[in-house]
Amino acid sequence: MPVISGSSCRNIALSLATELGMHFIPAETRRFPDGEGYLKTPIGEFESIRSEPVVVVSSTFPDNGIVQTIMMLANVGDIQRGDLTNLKREGIQNLEDVGRRVILAIPYYGYARQDKRFSAGEVIAAGVIASHLSNSCDGIVILDIHEPRVLESQEHPIKCVTAVPEIASWLKKEVNPDFILSPDKGAVERASRVAGLINVPFSYLEKRRIDAHTIEHTPKDLDVSGKVVAIVDDMISTGGTICRASDALRRQGAREVHAACTHGLFTSGALTRLAQHVDGVHSTDSLANPRAVISGAPALARGVRDLLAIL
Ligand code: R5P
């Protein structure tokens with residue numbers, strides 16, 4: 001069974017293929033001078049794509065990731081439908097329609113934070129993207145989506161999976177924290193599960209976002225004096241949330257502070273900023289980044305296996 005990816009998710013796609021014992025197909029990608037993307041599946045892979053269900057690995061981030069995801073799903077769909085017509089008349093032009101059998105595995109679901117209409121006239125972008133993608137495949141697996149509720153009522157099954165077990169075992173081995181903190185209410189479930197797996201106490205902060213770069217935490221007494229604390233969140237973008245949470249922990253005597261997340265976006269010099277506030281930053285490889293030390297592939301593999309069992 002083949003796992004195919006474009007350029008952006010190649011490493012995690014390769015790990016997923018290994019994890020599932022599947023064959024990996026690197027799609028050929030490049031850019032035209034105006035920046036538009038190009039995608040091609042090698043002719044030699046058509047047979048395996050037509051003979052078994054295919055796992056397409058692609059993230060909806062950055063924006064060109066959405067375009068690449070749409071192109072890959074359409075491309076695999078054409079090959080399975082037997083529509084191979086081309087102007088150069090390379091290879092066989094038409095084959096029997098073997099029916100679409102495609103699972104989309106999304107390491108990082110970009111736009112997930114646009115999950116509500118906060119103000120009149122806004123677009124619930126996370127839902128719009130989910131409907132488009134769901135129409136083009138038979139099921140979707142998403143790693144640690146910010147808010148799964150936005151995926152309700154899509155045409156095909158969507159399986160949300162989490163790298164919490166892998167994050168917990170990495171933190172236990174490399175950091176050995178005495179305390180886990182969620183920097184806001186949104187990350188409570190994730191962070192408390194990490195705390196449960198490591199068997200250490202847990203608490204959370206209440207956060208108010210003033211703008212994309214400014215956040216405030218409501219002061220709270222935390223029993224962290226002399227302790228090694230790991231802050232666990234779904235994603236780190238500017239690093240503002242983690243830096244403010246770390247400051248609160250340091251003020252209350254935390255000895256060491258680490259940050260762990262599934263999605264390391266690290267925008268606007270986040271890693272430099274974080275280095276001044278925390279002792280270590282640990283992320284999965286859902287996005288390529290210098291702190292990608294935890295594999296997201298086992299979680300995606302769990303989701304793919306679950307979907308294959310019901311499709
Ligand atoms: C928001 O609710 C998310 O879970 C993260 O806490 C947030 O997106 C992190 O963003 P930043 O690193 O820019 O503070």
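Basis for what follows: all heavy atoms, side chains included, without hydrogens, waters or symmetry-related copies. If you're wondering where the values come from, they're calculated on a predicted model, not measured in any experiment. Read the numbers this way: they start at 1 and go in the same order the structure lists the ligands and their atoms.
- The nearest heavy-atom contact from the protein to atom 10 (O) of ligand 1 is R209 NH2, 3.3 Å.
- Contact atoms of ligand 1 toward G240: 12 (O), 14 (O) (distance under 4.0 Å to a heavy atom of the residue).
- Residue contacts with ligand 1 for R273 are absent, since no atom lies close enough (heavy atoms, distance under 4.0 Å).
- Shown here for A112 and H146, the closest heavy-atom pair between the two residues is CB-CB, 3.8 Å.
- Hydrophobic clustering of Ile, Leu, Val, Met, Phe, Trp and Tyr side chains at less than 4.5 Å, counting indirect connections, unites I124 with I129.
- With respect to R100 and D138, a salt bridge is recorded, a charged nitrogen being found less than 4.0 Å from a carboxylate O.
- No salt bridge links E122 with R117; every basic N to acidic carboxylate O contact stays at or beyond 4.0 Å.
- Applying the 4.0 Å criterion to heavy atoms of K207 picks out, from ligand 1, the atoms 1 (C), 2 (O), 6 (O).
- F202 has its side chain out of reach of V194: every pair of non-hydrogen atoms, C-beta onward, lies at least 4.5 Å apart.
- With respect to the salt-bridge test (charged N to carboxylate O, under 4.0 angstrom), the residues D184 and K207 qualify.
- Heavy-atom proximity to D234, at under 4.0 Å, picks out these atoms of ligand 1: 3 (C), 4 (O), 5 (C).
- Of all protein heavy atoms, the one lying nearest to atom 8 (O) of ligand 1 is R113 NH1, 2.7 Å.
- Distances below 4.0 Å separate heavy atoms of T241 from the following atoms of ligand 1: 6 (O), 9 (C), 10 (O), 11 (P), 14 (O).
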Listing, residues 273-284 side-chain donor-acceptor contacts under 3.5 Å, not counting sequence neighbours, or none:
from : atom 1 : to   : atom 2 : distance (Å)
R273 : NH1    : T238 : O      : 2.3
R273 : NH2    : S268 : O      : 2.5
H277 : ND1    : D247 : OD1    : 2.8
D279 : OD2    : R250 : NH1    : 3.3
D279 : OD2    : R250 : NH2    : 3.2
D279 : OD2    : V257 : N      : 2.7
H282 : ND1    : W170 : NE1    : 3.0
H282 : NE2    : H258 : ND1    : 3.0
S283 : OG     : N289 : ND2    : 3.0
T284 : OG1    : T262 : O      : 2.5
T284 : OG1    : S286 : N      : 3.1

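- V3 and M72 sit in two unconnected hydrophobic clusters of ILVMFWY residues. Membership requires side-chain heavy atoms under 4.5 Å apart, directly or through other members.
- Of the options D233, T238, T214, the smallest heavy-atom separation from atom 5 (C) of ligand 1 is shown by D233.
- Residue-level proximity to ligand 1 for L265 is absent, since no heavy atom of it falls below 4.0 angstrom.
- Assignment of D184 to the shell around ligand 1 is supported, since a heavy atom sits closer than 4.0 Å.
- At least one heavy atom of G239 sits under 4.0 Å from some atom of ligand 1.
- Heavy atoms of H146 found under 4.0 angstrom from ligand 1 belong exclusively to the side chain.
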